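First comes the structure, then the notes that go with it.
Quick caveat: nothing in here was measured; it's all calculated off a predicted structure. Just so it is clear: chains get the letters A, B, ... in the order the sequence lines come, proteins before strands, and each one is counted from 1.
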Amino acid sequence: DAGITQSPRHKVTETGTPVTLRCHQTENHRYMYWYRQDPGHGLRLIHYSYGVKDTDKGEVSDGYSVSRSKTEDFLLTLESATSSQTSVYFCAISESSYASDQETQYFGPGTRLLVL
Amino acid sequence: RKEVEQDPGPFNVPEGATVAFNCTYSNSASQSFFWYRQDCRKEPKLLMSVYSSGNEDGRFTAQLNRASQYISLLIRDSKLSDSATYLCVAYTGFQKLVFGTGTRLLVSP
């Protein structure tokens, strides 16, 4: 158990509304990630964070922003939700080590978002 | 061409069978690899890491062939509980994981 929770677990919203998803970890890991998973695609990285206030874009970052004001929380915001952002969103943490440059990620339970 | 490619399946096998999945990757700079298991409507869970030529954990064996750029996962003595989707993942550095779309396994009684 990697100690990751996501909220909400399910959300239905309307096109054009802002949406914020929260990822919370209890293990004090430095790296946190947001992915989306869609049929026909592997998990795709949206944004990631390598420390408080340190974030970077992933493969599919357009339309999303993130914030990390505390080590334990990583927020994903859809500024103006669109139907193409209907997806399952997973948060992940990493146990990567600079010494080994290995990368092992553990995932939260996911948030199912439907944008109507 | 996708960076990590998998046969989507489904692979239908009886209990007790041995089944193997292959996964190919296109980025020769990929440093390490992983197999994740994902149950329906659940999060991916790490099954095995593959850093060198291979890894074995009980009934599961993963092998890496860098020359041919593929990774395989062998499951022996399949159980009903092995039914899931298996995701092949490549680590290309700088905290970047590239996921395949998964191979679905159905184990029947």
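- Counting heavy-atom neighbours within 6.0 Å of B:Glu15 CD, excluding the residue itself, gives a total above 12.
- At a 4.5 Å heavy-atom cutoff, the contact between B:Gln38 and chain A is made by side-chain atoms alone.
- Contacts of A:Glu59 with chain B are absent, with no heavy-atom separation under 4.5 Å from either backbone or side chain.
- Following chains of ILVMFWY side-chain contacts shorter than 4.5 Å, one can reach A:Leu45 starting from A:Val60, so the two form part of one hydrophobic cluster.
- Open room surrounds CD on B:Gln63; 12 or fewer heavy atoms of other groups in view lie less than 6.0 Å from it.
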Does A:Leu43 form a side-chain contact (heavy atoms from CB on, under 4.5 Å) with B:Val89? I'd like the steps, not just the answer. CA-CA 10 Å; A:Leu43 277 88; B:Val89 185; over 6 Å; no
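- Sorted by first then second residue, the disulfide bond (SG atoms under 2.5 Å apart) pairs that include residues 12-94 of chain A, not counting sequence neighbours, are A:Cys23-A:Cys91.
- Side-chain heavy atoms closer than 4.5 Å link hydrophobic residues (I, L, V, M, F, W, Y) into clusters, and following such links, even through other members, never connects A:Ile4 to B:Leu47.
- When hydrophobic clusters are built by joining Ile, Leu, Val, Met, Phe, Trp and Tyr residues whose side-chain heavy atoms come closer than 4.5 Å, directly or via intermediates, A:Val88 is grouped together with A:Tyr64.
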Apply side-chain contact (heavy atoms from CB on, under 4.5 Å) to the pair A:Gln105 and B:Tyr91, showing each step before the final yes or no. CA-CA 10 Å; A:Gln105 293 187 11; B:Tyr91 175 53; over 6 Å; no
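- Using a 4.5 Å heavy-atom threshold, the side chains of A:Phe107 and B:Lys42 count as separate.
- Both A:Tyr31 and A:Leu76 sit in one connected hydrophobic cluster of ILVMFWY residues. Membership requires side-chain heavy atoms under 4.5 Å apart, directly or through other members.
- Interface residues of residues 17-29 of chain B toward chain A, defined by a heavy-atom distance below 4.5 Å: none.
- In the hydrophobic clustering of ILVMFWY residues, with side-chain heavy atoms under 4.5 Å counting as a link, B:Tyr70 and B:Leu64 come out apart.
- Using non-hydrogen atoms only and a strict 4.5 Å limit, the part of residues 108-116 of chain A facing chain B consists of A:Gly108, A:Pro109, A:Arg112.
- Close approach to chain A, defined as a heavy atom under 4.5 Å from one of its heavy atoms, is seen in B:Leu97, B:Phe99, B:Gly100, B:Thr101 of residues 96-109 of chain B, taken by number.
- With chain A as the partner, the residue from B:Glu43, B:Lys45, B:Gln6 showing the most heavy-atom pairs under 4.5 Å is B:Glu43.
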